[in-house]
Amino acid sequence: LMASIDRALFLGHDPLELLESVIWRPLSEWLAFAYSFYAVLFPLVLGAVFMFGGRPALREAAFALGAALLAGYVSYSLVPVKGPVLTRSFDVSLDLYLLASVKEAMMDATRITWDCFPSMHTCCTVLLGWAAWRHVRRLFWWVLPIVASMPLACVYLRYHYVVDVLAGLGLAAVPIVVAKRLNHSP
């Protein structure tokens, strides 16, 4: 179903097959780094938010992340989807050399197989970027490359369908709006 939705979004073309024409070893390495090490953003951003914005800022960021994670994990139960890397074979290798073992240890070895819809890598990375933008602008510029790369990384590395990434982006918007309303802030 997700592959069919992706093809409809891309006017009958499979986005994963389209991406095979742009696979490039340095890009693969960077996106594998962003995807695997995004977990470091949680303590980095939340720690900085607390340090520079205090408890109200941390409460806002933690609420947004917590609400999104809850919604995401409920969605995994309601819409169990395996990612393309687990269900398809591909003609073009991603050529991960430097980070292959790290990605395997951090992401692939502990993978839950039905954790595709929505993309919580996308959702949480956007929320962490939003928290950094609001409360620690200097840090935001440092984490922006990972935040900006994550939607592409999810699809390029074949963990998610495009529709998963779009759902992750949409899911990120909801707690941002709610958190801002709860704080009555711009």
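These values consider heavy atoms only, across backbone and side chains, with no hydrogens, waters or symmetry-generated copies.
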Checklist entry - What distance do Leu69 atom CG and Met120 atom CE have between them, rounded to the nearest 0.5 Å? => result 4.5 Å

Next on the checklist: I need the Cys123 SG to Leu128 CG distance, nearest 0.5 Å.
Outcome noted: 9.5 Å

Next on the checklist: How long is the straight-line distance from CG of Leu171 back to OG of Ser75, given to the nearest 0.5 Å?
Outcome noted: 8.0 Å

Checklist entry - Taking all non-hydrogen atoms of both residues, which atom of Ser77 and which atom of Pro80 are closest, and how far apart? => result O-CD, 3.8 Å

Next on the checklist: Would Leu144 and Phe140 count as a side-chain contact (heavy atoms from CB on, under 4.5 Å) here? Give the steps.
Outcome noted: CA-CA 6 Å; Leu144 179 60; Phe140 169 79; 3.6 Å; yes

Item to check | Glu20 side chain vs Asp91 backbone, donor-acceptor pair below 3.5 Å | outcome: yes

Checklist outcome for this item: Correct closest heavy-atom pair for Cys116 and Gly83 would be SG-CA, 3.5 Å

Next on the checklist: Going by the rule ring pair (Phe, Tyr, Trp, His ring centres under 6.0 Å), which residues pair with Phe42 if we only count those two or more places apart in sequence or in a different chain?
Outcome noted: Tyr38

Checklist entry - Can you name the closest pair of heavy atoms from Leu46 and Ala61 and give their distance? => result CD2-CB, 3.8 Å

Item to check | Positive for side-chain contact (heavy atoms from CB on, under 4.5 Å) with Val45, one of Val147, Leu139, Leu127 | outcome: Leu139

Item to check | Backbone of Cys154 reached by a side-chain donor or acceptor of His121 within 3.5 Å | outcome: no

Checklist entry - Using a distance-only test with no angle check, is there a side-chain donor-acceptor pair under 3.5 angstrom linking Ser28 and Tyr156? => result yes

Checklist entry - Any Lys/Arg nitrogen of Glu17 or Arg7 sitting under 4.0 Å from an Asp/Glu carboxylate oxygen of the other? => result no

Checklist entry - Quick one: do Phe10 and Met2 end up in the same hydrophobic cluster if we chain Ile, Leu, Val, Met, Phe, Trp and Tyr together by side-chain heavy atoms under 4.5 Å apart? => result yes

Checklist entry - Run the side-chain contact (heavy atoms from CB on, under 4.5 Å) check on Val49 and Arg134 step by step: do they pass? => result CA-CA 9 Å; Val49 164; Arg134 283 185 51 81; over 6 Å; no

Next on the checklist: Any heavy-atom pair between the side chains of Pro15 and Val162 that's under 4.5 Å?
Outcome noted: yes

Checklist entry - Can you name the closest pair of heavy atoms from Gly53 and Pro56 and give their distance? => result O-CD, 4.1 Å

Item to check | Gap separating the NE2 atom of His160 from the CG atom of Asp6, nearest 0.5 angstrom | outcome: 12.0 Å

Checklist entry - Is there a path from Tyr161 to Leu18 through hydrophobic residues (I, L, V, M, F, W, Y) whose side chains come within less than 4.5 Å of each other? => result yes

Next on the checklist: Is it the case that over 12 heavy atoms from other parts of the model lie below 6.0 angstrom from the CZ atom of Arg137?
Outcome noted: yes

Item to check | hydrophobic_cluster_shared for Trp133 and Ile176, side chain cutoff 4.5 Å | outcome: no

Checklist entry - Does the side chain of Leu94 reach to within under 4.5 Å of the side chain of Arg158, using non-hydrogen atoms? => result yes

Checklist entry - Do you reckon Val81 sits in the same ILVMFWY cluster as Leu1, going by side-chain contacts under 4.5 Å, direct or chained? => result yes

Item to check | OG-CD1 distance between Ser93 and Ile23, expressed to the nearest 0.5 angstrom | outcome: 7.5 Å

Item to check | Minimum heavy-atom distance between Val165 and Pro151, given as atom pair plus value | outcome: CG1-CB, 3.6 Å

Checklist entry - Hey, would you say the Phe117 and Tyr76 ring centroids sit under 6.0 Å apart? => result no

Checklist entry - Are Trp24 and Val155 co-members of a hydrophobic cluster defined by side-chain heavy atoms under 4.5 Å apart? => result yes

Checklist entry - Minimum heavy-atom separation for Arg88 to Leu16, with atom names? => result NH1-CD1, 3.3 Å

Checklist entry - Can you tell me how far the CE atom of Met51 sits from the CG atom of Leu58, to the nearest 0.5 Å? => result 12.5 Å

Next on the checklist: Tell me every residue that passes ring pair (Phe, Tyr, Trp, His ring centres under 6.0 Å) with Phe50, counting only those two or more places apart in sequence or in another chain.
Outcome noted: none

